[in-house]
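Notes follow once the structure below has been shown.
Below, read A as the first sequence line, B as the second, and so on, with proteins coming before strands; counting in each chain starts at 1.
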Protein chains: 2
Amino acid sequence: MAELTALQKQYILHWGEMGTRWGINRTVAQIHALLYLSPKALPADKIAETLSVARSNVSTSIRELETWGIVRAVHVLGDRREHYESMKDVWEMFRLVIEQRKRREIDPTREMLRRSLADLDPKEAGAEYTRERLQAMAGFFEAVTELHDHMKSLPTGTVRKLLKMGAKMKRKAS
Amino acid sequence: MAELTALQKQYILHWGEMGTRWGINRTVAQIHALLYLSPKALPADKIAETLSVARSNVSTSIRELETWGIVRAVHVLGDRREHYESMKDVWEMFRLVIEQRKRREIDPTREMLRRSLADLDPKEAGAEYTRERLQAMAGFFEAVTELHDHMKSLPTGTVRKLLKMGAKMKRKAS
DNA sequence: CCTTACTTTCAGTTTGTACTGAAAGGACCG
DNA sequence: CGGTCCTTTCAGTACAAACTGAAAGTAAGG
């Protein structure tokens, strides 16, 4: 992956934009795209050069990708630099990201809703209405959590198969 | 909803933060939270005052919420101002948002992947590897789309029931 | 150990998004 | 119609996030 082909450029740019729309830093997403397409692990300076960003920016972004668990450092014989490679299993990548975002965002929301419901003062005006709204919202997040936990308990690959099966059944039925 | 209770403030602030993490403008999310908790529709100036943002900012944000289809204007007898109210069905709200985000983000991504696969020049070095990666990614997005379409074809409320059922079954089994 | 190769940290700067307030644009009322 | 009330638009500004480059930190090699 000396220089980027038009196709690679397109993919990386698109993935960067997708990132920003879902709260992922553009550069982080671009680096991930680059590594995902790369047949071999790349050193940070190569990444910086290819994407035209500062070496230090690559360092920070790679760290974030490592925390997600979708990029890891590997060592190359006769080279002191760390080389980075992306996980190749798309399903596993999304599973990791979803699981962590759930923990960081959904769980605190459930917590907040539970706390709110507990704190609700029934004497206050409109408390009954507020309770209804909070409960409806809480119900949704609890259901999503149940679904997530349920899927998590299945071995890797099963979800994929189930989705594919569902798709086939739907086609047959229609 | 003259002044905000501590609970309402907490909910609105939290929802605003949630928004930012998922690519939704903070103010947009806060306004939605306010309307969701409000038993009656609120006029724009009231919203601006309550959240301490400019009237014009409310105008733009409300418009965005209206395009999502989760907030609508209602008229109050003897008041010339538009009053805004949020949809109260949480499931339907999320369904709307998910459907539109899929259309805006997932669909163009599938398109890009399809185009990339078509454009792939087999003579280029590493084309086979690139094809594999693109295909894996495309497979994922196609599966997600299938799942989405499948759910969409079910009547409102069914998904909710299925999730709840799944949760119960899981509890029984374990 | 000292040098060299590489990585991380961080203060300062840039950039893009969000926000404001003033002005223009409706719409209803008398 | 003219006035009032309300909404939208938009140019300018503010702000937060992202990014840079220099300096400090770390580790391998001689």
Which residues share a side chain to side chain donor-acceptor pair (under 3.5 Å) with [X], sequence neighbours left out:
X	value
B:Arg80	none
A:Gln100	none
A:Arg21	none
A:Ser116	B:Gln10

In whole angstrom, what separates [X]'s [atom1] from [N]'s [atom2]?
X	N	atom1	atom2	answer
A:Glu17	C:dG16	CD	C1'	12 Å
B:Ile47	C:dC19	CD1	P	14 Å
A:Lys46	C:dT7	NZ	P	14 Å
B:His75	C:dC28	NE2	P	8 Å
B:His83	D:dC6	NE2	P	9 Å
A:Arg21	C:dG16	CZ	C1'	14 Å
A:Asp45	C:dT8	CG	P	12 Å

Readout for nucleotides 9-20 of chain D: B = base within 4.0 Å of protein heavy atom, S = sugar-phosphate only, - = neither; 5' to 3' it is B--------SSB
Protein heavy-atom contacts under 4.0 Å, written 5' to 3' over nucleotides 24-30 of chain D as B (base), S (sugar-phosphate only) or - (none), form the string ---BBS-
Decide, yes or no, whether a salt bridge links B:Lys102 with B:Glu99 under the criterion of side-chain N to carboxylate O below 4.0 Å.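 No.
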For B:Asn25, side chain to side chain contact (heavy atoms under 4.5 Å, CB included) partners two or more places apart: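 Listed in chain order: B:Thr27, B:Val28.
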Tell me every residue that passes side chain to side chain contact (heavy atoms under 4.5 Å, CB included) with B:Ala73, counting only those two or more places apart in sequence or in another chain.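 Listed in chain order: B:Glu66, B:Glu82, B:Tyr84.
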What pairs with B:Tyr36 under ring-ring contact (aromatic ring centres under 6.0 Å, His included), at least two apart in sequence or on another chain?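 Counting only residues at least two positions away or on another chain, B:Tyr36 forms no ring-ring contact (aromatic ring centres under 6.0 Å, His included).
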